[in-house]
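Report on one structure; see the data block that follows.
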Amino acid sequence: MKTLNQIRREMKLIRGAFLYGLTREQFDRITYPQNFKTMAETYIAASEHAPKRLKTVFDELYVHAKTQKAYAAERGVTEKYIQILNKRLLLFLQADMADK
């Protein structure tokens, strides 16, 4: 089972790829880490099974590469609330990937 720190590191890589304007179709161009496309597709597929609120957090924070602060301001909620949702998302992804 992956640790939360491993998941955080990998999610930052995914966020970075989207931040630099890459699309999912371009993920195979990334050479480091070697299995980036497979890893990213695993997380994206797992996020599809998440409850709607967590799926939205995944899309906003990682696919659209927003900061927690910016997303909180956009939603009119506290940054702490977004942090809690992000933690729930990470725990969901960890559990979802452990089942497979």
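Heavy-atom contacts from other residues, nucleotides or ligands closer than 6.0 Å to CD of Glu48 number more than 12.
Glu10 places no side-chain N or O within 3.5 Å of a backbone atom of Ile7 that could act as its donor or acceptor partner. Counting only distance, with no hydrogens or angles, the side chain of Arg15 and the backbone of Leu61 share a donor-acceptor pair below 3.5 Å.
The minimum heavy-atom distance between Lys2 and Met97, with the atom names listed, is CD-CE, 4.2 Å. Smallest separation of non-hydrogen atoms from Ala50 and Lys55: CB-N, 4.0 Å. Summarising the geometry of Ser47 relative to Leu93, their closest heavy-atom pair is N-CD2, 4.0 Å, with the distance given to 0.1 Å. Among all heavy-atom pairs drawn from Phe92 and Ala46, the shortest one is CE2-O, 3.4 Å.
A distance of 10.5 Å separates CG of Leu90 from CZ of Phe58, quoted to the nearest 0.5 Å. Rounding to the nearest 0.5 Å gives a distance of 7.5 Å between CZ of Phe36 and CG of Leu22. Taking CG from Asn86 and CG from Leu91, the interatomic distance works out to 9.5 Å, rounded to the nearest 0.5 Å. To the nearest 0.5 Å, atoms CD1 (Ile44) and CZ (Arg24) are separated by 4.0 Å. The CD1 atom of Ile14 sits 4.5 Å away from atom CE of Met39, with the distance rounded to the nearest 0.5 Å. Taken to the nearest 0.5 Å, the CG atom of Leu89 stands 12.5 Å off from the CZ atom of Arg53.
Cluster membership for Leu85 and Leu4, using ILVMFWY side-chain heavy atoms within less than 4.5 angstrom, is shared. In the hydrophobic clustering of ILVMFWY residues, with side-chain heavy atoms under 4.5 Å counting as a link, Ile84 and Leu54 come out apart. Leu19 and Leu13 fall into different hydrophobic clusters, where Ile, Leu, Val, Met, Phe, Trp and Tyr are joined by side-chain heavy atoms under 4.5 Å apart, directly or via other members.
For Lys12, there are no side chain to side chain contact (heavy atoms under 4.5 Å, CB included) partners, not counting sequence neighbours. Shown here are the side-chain hydrogen bond (donor to acceptor under 3.5 Å, both in side chains) partners of Gln94, two or more places apart in sequence or in another chain: there are none.
Taking the side chain as every heavy atom from C-beta outward, Arg8 and Lys87 approach each other to under 4.5 Å.
Taking the six-membered ring for Trp and the full ring otherwise, the centers of Tyr62 and Phe18 sit at least 6.0 Å from each other.
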Legend entry - CA sep, side-chain torsions, deciding dist, call: Arg75, Glu60, salt bridge (Lys or Arg N to Asp or Glu O under 4.0 Å): CA-CA 11 Å; Arg75 293 281 316 271; Glu60 296 298 324; over 6 Å; no
